[in-house]
Protein chains: 2
Amino acid sequence: MSKKPASSLDPVEALRLDNQLCFALYGATNRMTRLYRPLLDAIGLTYPQYLAMMVLWEQSPRTVGALGDALDLDSSTLTPLLKRLEAGGLVERHRDPDDERRVIVALTDKGRALREQAAEIPEKLFCALDMPLDGVITLRERLKILAK
Amino acid sequence: MSKKPASSLDPVEALRLDNQLCFALYGATNRMTRLYRPLLDAIGLTYPQYLAMMVLWEQSPRTVGALGDALDLDSSTLTPLLKRLEAGGLVERHRDPDDERRVIVALTDKGRALREQAAEIPEKLFCALDMPLDGVITLRERLKILAK
DNA sequence: TGATATTAAATCGCACACGATTAAATCGTT
DNA sequence: AACGATTTAATCGTGTGCGATTTAATATCA
């Protein structure tokens with residue numbers, strides 16, 4: 001029973017894959033994306049597009065910057081994503097007349113209507129997760145701390 | 001105090017961003033990547049490349065398929081990544097003589113040597129995380145369950 | 001044996017992420 | 001007003017992820 005504590009400075013042990021939080025996070029993210037894919041395919045969204053739509057369903061219109069703050073993404077990622085949502089008729093983009101540097105993103109009727117079709121997704125995903133609710137909540141809260 | 005339980009079927013509440021495990025996971029993964037970046041830049045690896053190298057430091061050689069099982073990635077992602085590691089002189093790739101369908105990936109001396117430089121990364125990252133050790137361990141174990 | 005099925009990796013196309021740079025608009029200070 | 005600094009998106013290049021297809025090698029079984 002001479003097992004060293006998990007805070008061991010032993011570099012070999014420290015590098016083992018099983019010990020890595022990063023790897024657990026990576027695997028969990030991969031699985032989450034796979035679980036969402038069939039549900040999101042049905043409404044024609046990718047996973048990041050779905051997250052962006054959730055932000056907009058909470059509040060629209062929003063500037064690209066405000067969207068980026070909510071999603072922790074910058075314009076180099078968001079601009080092409082939003083152009084695809086625009087091409088799909090879900091959002092409109094136009095410069096803010098009060099400050100031409102800003103671009104305002106607003107849901108279209110079609111974008112708002114999509115919310116109804118998306119409404120069943122969280123419940124379906126929870127079932128697919130097959131994890132007790134309190135486990136999900138604990139995990140989510142710890143992840144929020146990690147995400148700062 | 002009439003707050004509904006978190007398992008509520010109310011679609012509006014269910015879709016709220018704050019309630020989404022997927023979003024917490026997304027944010028945590030983003031932050032983790034940002035924390036790793038400066039550490040990995042110093043040894044010339046990207047985050048997925050670092051994960052692949054960890055798998056190889058545990059056991060080399062391995063086939064592309066075995067690497068994919070460990071990382072939960074398929075050849076369409078791994079092949080280009082491995083070619084970049086090969087271009088950097090960290091691994092060698094060659095067909096398995098016993099089964100020409102397989103490709104064997106093996107660390108080079110340079111690839112093995114990199115392990116020493118990477119040895120300090122987990123400790124540095126743990127410090128950057130600023131989360132108590134038991135919190136990290138609990139989180140990691142719950143994520144492993146999620147990743148199945 | 002020989003036709004067919006299966007397996008393993010590579011290839012291709014699309015959609016992120018993100019660092020670095022660019023371009024335009026606004027702000028701040030004098 | 002004027003000019004440099006800052007802010008905001010967009011653009012560009014590199015590196016993932018992954019579904020779908022392709023190619024080559026091996027396995028299966030009539």
Side-chain angles (χ1 to χ4, degrees), chain A residues 22 25-38 40-41 44-53 61-69 71-88 90-91 93-105 147, chain B residues 22 25-38 40-41 44-53 61-69 71-88 90-91 93-105 147:
Chain A
C22 65
L25 207 45
Y26 187 75
T29 298
N30 283 347
R31 181 172 178 234
M32 193 65 93
T33 303
R34 282 199 305 274
L35 287 176
Y36 268 104
R37 192 180 309 280
L40 293 177
D41 278 351
L45 293 179
T46 66
Y47 186 69
Q49 285 168 10
Y50 172 65
L51 297 177
M53 289 300 288
R62 283 166 107 111
T63 65
V64 171
L67 217 44
D69 287 343
L71 293 167
D72 202 4
L73 294 174
D74 70 68
S75 68
S76 60
T77 299
L78 276 177
T79 297
L81 184 154
L82 292 170
K83 283 183 176 175
R84 281 184 281 271
L85 291 179
E86 189 179 35
L90 300 176
V91 306
R93 300 182 318 130
H94 54 82
R95 291 275 164 188
D96 182 349
D98 294 338
D99 183 343
E100 295 277 343
R101 289 173 303 183
R102 297 184 214 274
V103 166
I104 293 176
V105 181
Chain B
C22 65
L25 207 46
Y26 187 74
T29 298
N30 284 345
R31 183 175 177 230
M32 193 65 92
T33 303
R34 282 200 304 276
L35 287 176
Y36 268 105
R37 192 179 308 280
L40 293 176
D41 278 350
L45 292 178
T46 65
Y47 186 70
Q49 286 168 8
Y50 171 66
L51 296 177
M53 288 300 288
R62 283 166 108 109
T63 64
V64 171
L67 217 45
D69 288 343
L71 293 167
D72 202 4
L73 294 174
D74 74 353
S75 68
S76 60
T77 299
L78 276 176
T79 297
L81 184 155
L82 292 170
K83 283 183 176 175
R84 282 184 279 272
L85 291 179
E86 188 180 35
L90 299 176
V91 306
R93 300 182 317 131
H94 56 82
R95 291 275 164 187
D96 182 348
D98 293 339
D99 184 343
E100 295 275 344
R101 288 174 303 184
R102 296 185 215 274
V103 166
I104 294 176
V105 181

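Per chain, numbering begins at 1; letters A, B, ... match sequence-line order. A quick note: this is a predicted structure, and the numbers were derived from the prediction, not measured.
Protein atom OH of B:Tyr36 is 16 Å distant from nucleotide atom P of C:dC18, rounded to whole Å. Atom-to-atom, CE of A:Met53 to P of C:dC16 comes out at 13 Å; the value is rounded to the nearest Å. Remark: P of C:dG19 and CG of A:Asp72 are 11 Å apart, rounded to the nearest angstrom.
The side-chain contact (heavy atoms from CB on, under 4.5 Å) test applied to A:Val103 returns A:Val64, A:Arg93, A:Arg95, not counting sequence neighbours. Under the rule for a side-chain hydrogen bond (donor to acceptor under 3.5 Å, both in side chains), the partners of A:Ser76 that lie at least two apart in sequence or sit in another chain are A:Asp74. Under the side-chain contact (heavy atoms from CB on, under 4.5 Å) criterion, B:Arg102 pairs with B:Thr63, B:Asp96, B:Asp99, not counting sequence neighbours. Legend: residues meeting side-chain hydrogen bond (donor to acceptor under 3.5 Å, both in side chains) with A:Thr29, ordered by chain and number and at least two apart, are B:Thr29. Remark: B:Tyr47 engages B:Tyr36 in a ring-ring contact (aromatic ring centres under 6.0 Å, His included) (not counting sequence neighbours). For A:Asp72, the side-chain hydrogen bond (donor to acceptor under 3.5 Å, both in side chains) test picks out B:Arg34, with sequence neighbours left out.
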Q: Go along nucleotides 7-14 of chain C 5' to 3' and tag each nucleotide: B for a protein heavy atom under 4.0 Å from its base, S when only backbone or sugar atoms are that close, - otherwise.
A: BSBBBB--
Q.
Could you go through B:Leu45 and B:Leu85, starting from their C-alpha distance and side-chain angles, then the distance that decides it, and tell me whether this counts as side-chain contact (heavy atoms from CB on, under 4.5 Å)?
A. CA-CA 9 Å; B:Leu45 292 178; B:Leu85 291 179; 4.0 Å; yes
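Contact of the A:Thr46 side chain with the A:Leu40 side chain is not registered, since no non-hydrogen atoms from C-beta on lie closer than 4.5 Å.
A 4.0 Å heavy-atom criterion places the boundary nucleotides of DNA chain D facing chain B at D:dG15 to D:dT26, written 5' to 3'.
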